[in-house]
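What you see is a predicted model; the values in this text were computed from it and never measured. Residue numbers begin at 1 in each chain, while the letters A, B, ... track the order of the sequences.
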Amino acid sequence: MEYNHREIEQRWQQYWRDNETYRATEKPGKKKFYVLDMFPYPSGAGLHVGHPLGYIASDIYSRFKRQQGFNVLHPMGYDAYGLPAEQYAIQTGQHPEKTTMANIARYREQLDKIGFSFDWSREIRTCDPEYYKWTQWAFIRMFNSYYDRKEQKARPISELVAHFAEKGTEGVDAACSKELHFTAAEWNAMSEKEKADTLMNYRIAYQGETMVNWCEALGTVLANDEVSEGVSVRGGHPVEQKVMNQWCLRVSAYAPRLLDDLNTIEWSDSLKETQRNWIGRSEGAEMRFPVVGKDFDLEIFTTRADTSFGVTFMVLAPESKYVQQLVTPEQKEAVDAYLAEVSHKTERERQIEKKVSGVFTGSYAVNPISGKEIPIWVSDYVLAGYGTGAIMAVPAHDSRDYAFAKHFNLPIIPLIEGADVSEESFDAKEGKMINSANEKLNLNGLEVKEAIAKTKRFIEEEGIGRVKVNYRLRDAIFSRQRYWGEPFPVYYKDGIAHVMDESDLPLMLPEVDAYLPTSTGEPPLGRAKNWVTKEGYPIELCTMPGFAGSSAYYLRYMDPRNNDALVSKEADEYWRNVDLYVGGSEHATGHLIYSRFWNKFLYDLGLVVEPEPFRKLVNQGMIQGRSSFVYRVKDTNTFVSKGLKNQYDVTPIRVDINMVSNDVLDIDKFRSWRPEFADAEFILEDGKYVCGYAVEKMSKSMFNVVNPDDIVDRYGADTLRLYEMFLGPIEQSKPWDTNGIDGANRFLKKLWGHFGKLDLSKREPMTKGELKTMHKLIKKVTQDIENFSFNTSVAAFMVALNELTAQKSTNVEAMEIFTRLIAPFAPHLAEEFWHQLGKEGSVVDSEWPVYDEANLKEDTVKYPVSFNGKTRFMLDVPAEADKAAVEAAALSAPDAEKWLSGKTPKKVIVVPGKIVNIVI
RNA sequence: GCAGGAAUGGUGGAAUGGUAGACACGAAGGACUUAAAAUCCUUUGGCCUUUACCGGCUGUGUGGGUUCGAGUCCCACUUCCUGUACCA
């Protein structure tokens, strides 16, 4: 009988639906295992074969764990808010919800065909009010909390208010935008508005004037991880820096914990490293430089306190508030001109130019260590957002300061013995200090490391500054001037922001007449009618960013229909956190930081039990497209085959990969593809037109998209699953090659054929050979799945089937084991076999086979025998032979004589079970 | 620049420090077929030797090292990928 994948797959998919096979429930006392995929944004283009890669891997793992006896939670949903649907809405006037729902339906249809074991009863969508109620709820909780740095946790803002009323800021160590100092009396004397403004400085969700990435084309601000190389990640529009009043999340307060807790989770080293870089911890010192003739100091941050004697000038960021206070009348014009110039430049222009620019303020500061007066400059190479927005410049040992000093002809003092600073700075933190001494401090002769430590001690003792740890991680900007997102549960009363009562949630996204800003430049929600509270107070017009809804979704899956809590205590205590999280590495600095932050916040409030959301994480690689090219001879309509193209002047043209098979072009299809190719001529090689190829991103414009539906229709879901896993290691990016899929399909057909030959009524014990084949397979597959080495386990199935065929095996027992082992990979076929074997229930509930080493033992061991490290022949030795016996056998083997050629061996090394090496 | 990773046949890729190239694709030859598709069998890193069997040499980006033995470990270099970038 033919292997009819369509009939088999449809039948079992229906069976799974009818029996709710994949529905998960809490089973106290049974070990849980939570496997999660990063939920997709349902784009209009649908899925291509690259998308399911990670889903297939996690599905195999889920099924494997389930067969091993775990209670597995494996849910799926949609990250439904996002810019593309809104951009489409702006162009067409169609409500983004409508587009999104249509895309979700299409995704679901595609996903269902692949036979995943998702528990769809737990499906969530971030744009569903029942879901975003909890996104808004978390925001309210963050608004009502502050971060206590002493206890390293979030606490209710009411406690801080009580403290202020009693003791002012004394004894407060809270994360804040600006260090404030006031007494209880001062606090109590503040107006409502002043108190509200003061508390904003401490809230975890706060509103503040911050430098933001403004994208004019998208009409919204963007978070740091949504901007790359000065353009928006979505759409590639230019982004500029602008000061705006925005909602922010105080993610920076959690920087130390986000860094430390990386050590407690099983993520790849490269991903942890990416997070460490993004968090960017650096140890250094904050130092105050008194300004000549003024009553204030400039604060700077440095990691190179040892270079204090080489400071020849200071530099402020253009946005620094000190610039206006320091500029002298003579320099005013020049400084203002420079500031105007800088503010006009976008981030991208600043990066591309990388030109040294700056201006002198006219003021001087005193180096607190050397006592020397140094000029204060302004330049855009200093960033306002990092450290204090001001630096001490040491041109001899910092390349940026060096370029600046050279350009403006400022002095350069070398501080390290042997450093040649005539051409470039010496940035390395090594060597012996020179030129670094006065009556108070002597660093000369010290190693850099010692000098840093000594200077830090000196700074603290002298009260010049303090030792400080700085983080690069900034607070997340949480406002988007957009329509398609969660509305903020915030209203304004007397100019003061208030959060709504939790019982009023969800605050539903209102209807608008267009998805564009209003004529007065307000966000689209400014168009909503009656966008006010019951009492008539205006509601916030911005919406939340994409990462709002995706930060805690893994918690919601645990208890998705609960209307009283994000997740019930029972469900959270049972499922705890994600045991295995699978997704792309593009989320390394965005989603994975925000999610960890969000989880830690809820953890601080005692609402979840685990401090980290994702225990183990696997990044799947991308599947790239393989584009095909034809070569048109210049100024003709003649195309030359790849092997001959070097003889002509040619232009490569991408062609649809559906017209190409094994790199050979279907000429008729090509001629009818486009009118201009209708009368194309071809120069062939061996009667064929051979195309060139390139590995590129899979995209419509490159004509290289492969649709999983087509593959499923032609070969079946099981073939697709097997082949995607067979392509290579899951973490690696690799090109899709439809040609190779025949291998996976042939294997399944052979397996089907083999199974069809069995007499299912005849149960016999396995032969020794069968036992060995099967136990070898169990061992390999079990270990490979645990190690995420799915490509080698697929290969192992192929080998095992070949061995069974070679042994002319018709053993039913062996095939039953095979069925259980292959069930995670090819669930439809396995289910079919399982029922043909007369088993009850679904194969997903069958027990995972266990191997017995005893069956893997050989009577004899094959030893490679080497001479001087080079293997020369193979030797069969009884398994129980000891070292001496193996050595004797090797030396007396007929082959040995030839290689010894009469000589006596100097040494014979026997590694039991491995090798015999004879040194002559 | 910095950080992380990679480099193995025509291709995708296998190899706890122990027979390099599993498995698959492709290719070549053959069987079946009127023919094609499908299926099955054989060969398939390179070079040399041989009528054939049998053999031999060489080979995992480059150069060194450790080791009885290195694709694997160490050092240096080259190239490529991925992330990040005026972070003081």
Checklist entry - Nearest nucleotide by nearest heavy atom, which residue falls closer to the 5' end of RNA chain B, A/Ile391 or A/Trp899? => result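 Mapping each residue to its closest nucleotide by heavy atoms, the 5'-most match is A/Trp899.
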Item to check | Residue mapping more 5' on RNA chain B - nearest nucleotide basis, A/Thr388 or A/Val911 | outcome: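 It is A/Val911 whose nearest nucleotide is closer to the 5' end.
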Closest listed nucleotide, where the reference is the side chain of [X] and the choices are [options]:
X: A/Asp380; options: B/A24, B/C86, B/A88; value: B/C86
X: A/Lys907; options: B/C68, B/C40, B/G18; value: B/C68
X: A/Lys862; options: B/A88, B/C25, B/U19; value: B/U19
X: A/Met798; options: B/C68, B/U19, B/C23; value: B/C23
X: A/Thr871; options: B/U19, B/C23, B/A38; value: B/U19
X: A/Ile915; options: B/G18, B/C86, B/C68; value: B/G18

Checking [X] against [Y]: charged group under 6.0 Å from the ring centre and within 45 degrees of the axis?
X: A/Arg626; Y: A/Trp736; result: no
X: A/Arg596; Y: A/Trp267; result: yes
X: A/Arg872; Y: A/Phe867; result: no

Should [X] be listed as having a side-chain N or O under 4.0 Å from OP1 or OP2 of [N]?
X: A/Arg746; N: B/A24; answer: no
X: A/Tyr386; N: B/A88; answer: yes
X: A/Arg872; N: B/C57; answer: yes
X: A/Lys870; N: B/U58; answer: yes

Using the [atom1] atom as the reference point in each nucleotide, state the distance between [N] and [M] in Å, no decimals.
N: B/U60; M: B/A20; atom1: P; result: 12 Å
N: B/U78; M: B/U62; atom1: C1'; result: 7 Å
N: B/A27; M: B/U11; atom1: C1'; result: 11 Å
N: B/G12; M: B/G26; atom1: P; result: 15 Å
N: B/C86; M: B/G5; atom1: C1'; result: 26 Å
N: B/U51; M: B/U58; atom1: P; result: 24 Å
N: B/C25; M: B/G18; atom1: C1'; result: 30 Å
N: B/G59; M: B/G45; atom1: C1'; result: 8 Å

Any strand is fair game: report the nucleotide pairing with [N] by Watson-Crick or G-U wobble, both distances under 3.5 Å, or none.
N: B/A70; value: none
N: B/C2; value: B/G83
N: B/A76; value: B/U62
N: B/G10; value: B/C25
N: B/C40; value: B/G30
N: B/C54; value: none

Mind calculating the distance between [atom1] ([X]) and [atom2] ([N]) to the nearest angstrom?
X: A/Tyr3; N: B/U39; atom1: OH; atom2: P; result: 14 Å
X: A/Arg472; N: B/A3; atom1: CZ; atom2: P; result: 15 Å
X: A/Trp267; N: B/G83; atom1: CH2; atom2: P; result: 18 Å
X: A/Trp752; N: B/U39; atom1: CH2; atom2: P; result: 17 Å
X: A/Tyr723; N: B/C25; atom1: OH; atom2: P; result: 10 Å
X: A/Lys749; N: B/C40; atom1: NZ; atom2: C1'; result: 13 Å
X: A/Tyr863; N: B/U19; atom1: OH; atom2: P; result: 13 Å
X: A/Ile741; N: B/G26; atom1: CD1; atom2: P; result: 12 Å

Next on the checklist: Please find the pair of heavy atoms, one from A/Ser628 and one from A/Cys691, that lie closest to each other, and give the distance.
Outcome noted: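 Looking at all heavy atoms of both residues, the closest pair is CB-CB, 4.3 Å.
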Item to check | Close side-chain approach of A/Arg304 and A/Val448, heavy atoms under 4.5 Å | outcome: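 In contact.
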Next on the checklist: Considering every strand and a 4.0 Å limit on heavy-atom distances, what is the contact class for A/Thr303: base, sugar-phosphate, or nothing?
Outcome noted: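 Sugar-phosphate only.
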Checklist entry - Which part of the nucleic acid does A/Val799 contact within heavy-atom distance under 4.0 Å: base, sugar-phosphate only, or nothing? => result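 Here A/Val799 touches the backbone only, sparing every base.
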Item to check | Where protein sits on nucleotides 5-14 of chain B, one letter per nucleotide: B base, S sugar-phosphate only, - none, heavy atoms under 4.0 Å | outcome: -------BSS
Next on the checklist: Take a 6.0 Å sphere around CD of A/Gln783 and say whether it holds more than 12 heavy atoms from other residues, nucleotides or ligands.
Outcome noted: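 Correct, the count exceeds 12.
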Checklist entry - Above 12 or not: heavy atoms from other molecules or residues under 6.0 Å from CG of A/Asp269? => result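 No, because the 6.0 Å sphere around CG of A/Asp269 holds 12 heavy atoms or fewer from other groups.
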Checklist entry - Using the purine O4'-C1'-N9-C4 or pyrimidine O4'-C1'-N1-C2 torsion, is B/G64 syn (within 90° of 0) or anti? => result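 What B/G64 shows is an anti base, its glycosidic angle lying more than 90° from 0.
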Item to check | Check: A/Tyr723 ring centroid to A/Tyr715 ring centroid under 6.0 Å | outcome: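 Not close enough - the centres of the two rings lie 6.0 Å or further apart.
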Checklist entry - Parallel, tilted or perpendicular: which describes the rings of A/Trp377 and A/Phe404, with under 30° parallel and over 60° perpendicular? => result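 Perpendicular, since the angle between the ring planes exceeds 60°.
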Next on the checklist: Name the residue from A/Ser320, A/Ser357, A/Pro318 that meets the side chain to side chain contact (heavy atoms under 4.5 Å, CB included) definition with A/Val378.
Outcome noted: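 Among the candidates, only A/Pro318 passes.
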